[in-house]
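Computed from a predicted model, the values in this text were never measured in an experiment.
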Amino acid sequence: MGIYKLSQVSFNTESFTLAAGNREIYIGPLATKLLFYMLEHSGKTLSRDDLAYSVWGYPAKDHTITQAVTSLRSHLSTLDKDASRCIVTVPKKGYRLRLDNGTKTEKDYTPQYFRPSAMKFLVVDDHPFIRKVHSELLVQLESAAVDTCASAETALERLNSVSYDCVFADLEMQNMNGLELVKRIRMGKMKKTLRDAYTFVITAHTNAKVLGTALLLDVNAFLPKPADITDLRKKFSTLSMTEFEYKPPIAYDMVDTHIENYFDNASIEHLRQKHAERVME
């Protein structure tokens, strides 16, 4: 991917390390993605929402982002105090990477993993409008091929007969929800689609337990409902510089995907009304 320079610190995006002199610190993939994203947008103030969706891929809490930035600064400071000052806090706005004393070196990063132009997508949603919006956005982004399904059950049939590279799954669907569909993909139960296919969960909810369940299933990204072209571009940009590792199938088998357990009665009734409205459409 490349080696970058922040003051006297070398940042290696392939080995997830920072180094200066004879010292080297392993910072891990998340901190690497955070610092790389800041480098890509150096000089620009990045809001917490921007960092949450572009780096974490979901609405990470403020304290989570603060801890990550603080830890990154600490690592840089251990090697070179000037380097840690490159990350500037902009009060009430976010963070900015200032490269007064640092320059990017070696090769620029070229996306290697997530390439929509070479990928086949399946959009699964029981709402025809959402299916139409997301499939049209994917076409605008020059995706290789886009198919749609109105239910998870129909999607299973398609996934068994066609090899898809990425699946957009609505969280709230009748009979089988989007997380259960993702779970079956991750367990390798599809005859054609591989278990490491990219998965996007489409939801208007920010319920912590639901999001936690999605993370246990190694969902690659979350999308608001409906998404827009900016949402997708941000997600695609993040995925293009991310390599995922997946757990053994048995680990996913243990994940409880009965999301109705995570909502109170009022929320469940609201979901039922939404489904009834869709049927009327």
Side-chain angles (χ1 to χ4, degrees), residues 57 111-203 213-229 231-240 242-253 255 257 259 275 278-279 281:
Q112 300 176 27
Y113 309 119
F114 192 88
R115 295 187 298 126
S117 61
M119 297 170 65
K120 184 183 285 290
F121 290 79
L122 179 64
V123 178
V124 188
D125 199 299
D126 56 3
H127 198 302
F129 173 73
I130 301 297
R131 288 200 305 275
K132 184 174 185 293
V133 168
H134 289 162
S135 59
E136 288 180 350
L137 288 177
L138 288 168
V139 170
Q140 288 181 50
L141 292 172
E142 301 181 345
S143 304
V146 183
D147 293 333
T148 65
C149 287
S151 70
E153 291 82 0
T154 305
L156 290 177
E157 295 176 7
R158 300 297 295 274
L159 293 166
N160 275 311
S161 59
V162 179
S163 178
Y164 288 98
D165 303 292
C166 183
V167 178
F168 282 27
D170 181 25
L171 177 68
E172 304 143 21
M173 292 186 287
Q174 292 277 26
N175 302 322
M176 183 188 298
N177 64 62
L179 292 182
E180 177 62 23
L181 179 60
V182 172
K183 176 178 177 177
R184 298 193 186 195
I185 293 171
R186 289 285 177 259
M187 289 177 64
K189 289 185 172 293
M190 306 301 110
K191 293 179 181 178
K192 290 287 186 178
T193 299
L194 299 178
R195 74 185 197 91
D196 61 355
Y198 288 94
T199 55
F200 283 54
V201 166
I202 305 164
T203 179
T213 300
L215 293 176
L216 288 175
L217 293 171
D218 290 322
V219 166
N220 301 103
F222 295 90
L223 280 178
K225 191 173 186 177
D228 59 30
I229 196 92
D231 295 323
L232 280 182
R233 282 203 177 108
K234 284 184 177 181
K235 294 295 187 299
F236 286 6
S237 175
T238 300
L239 291 175
S240 71
T242 306
E243 185 174 14
F244 292 90
E245 293 184 5
Y246 299 101
K247 300 183 284 289
I250 192 171
Y252 300 110
D253 188 29
V255 178
T257 58
I259 60 173
H275 286 303
R278 292 176 187 178
V279 172
E281 293 175 356

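- In this structure, the side chain of Ser143 engages the main chain of Leu138 through a donor-acceptor pair within 3.5 Å.
- The backbone N or O of Ala227 sits less than 3.5 Å from a side-chain atom of His134, completing a donor-acceptor pair.
- Atom SG of residue Cys149 and atom CG of residue Leu181 lie 9.0 Å apart, to the nearest 0.5 angstrom.
- The side-chain heavy atoms of Asp170 and Ile130, taken from C-beta on, include no pair separated by under 4.5 Å.
- Note that CZ of Phe121 is 7.5 Å distant from CG of Asp165, once rounded to the nearest 0.5 Å.
- Every residue two or more places apart in sequence or in another chain that forms a side-chain contact (heavy atoms from CB on, under 4.5 Å) with Ala214 is listed here: Leu179, Val219, Phe222.
- Residues Pro224 and Asp231 meet the side-chain proximity criterion, which asks for heavy atoms closer than 4.5 Å.
- The side-chain heavy atoms of Thr213 and Val255, taken from C-beta on, include a pair separated by under 4.5 Å.
- The list of salt bridge (Lys or Arg N to Asp or Glu O under 4.0 Å) pairs with a residue in residues 183-203, not counting sequence neighbours, reads Glu180-Arg184.
- Between Lys120 and Val162, some side-chain heavy-atom pair lies under the 4.5 Å cut-off.
- Put simply, the side chain of Leu171 does not reach to within 4.5 Å of the side chain of Lys225, judged on heavy atoms.
- Within 6.0 Å of the NZ atom in Lys132, the count of heavy atoms belonging to other residues, nucleotides or ligands does not exceed 12.
- For the atom pair CG of Asp228 and CG of Leu223, the computed distance is 9.5 Å after rounding to the nearest 0.5 Å.
- Leu239 places a side-chain heavy atom less than 4.5 Å from the side chain of Phe200.
- One N or O on the side chain of Asn220 and one on the backbone of Thr199 form a donor-acceptor pair closer than 3.5 Å.
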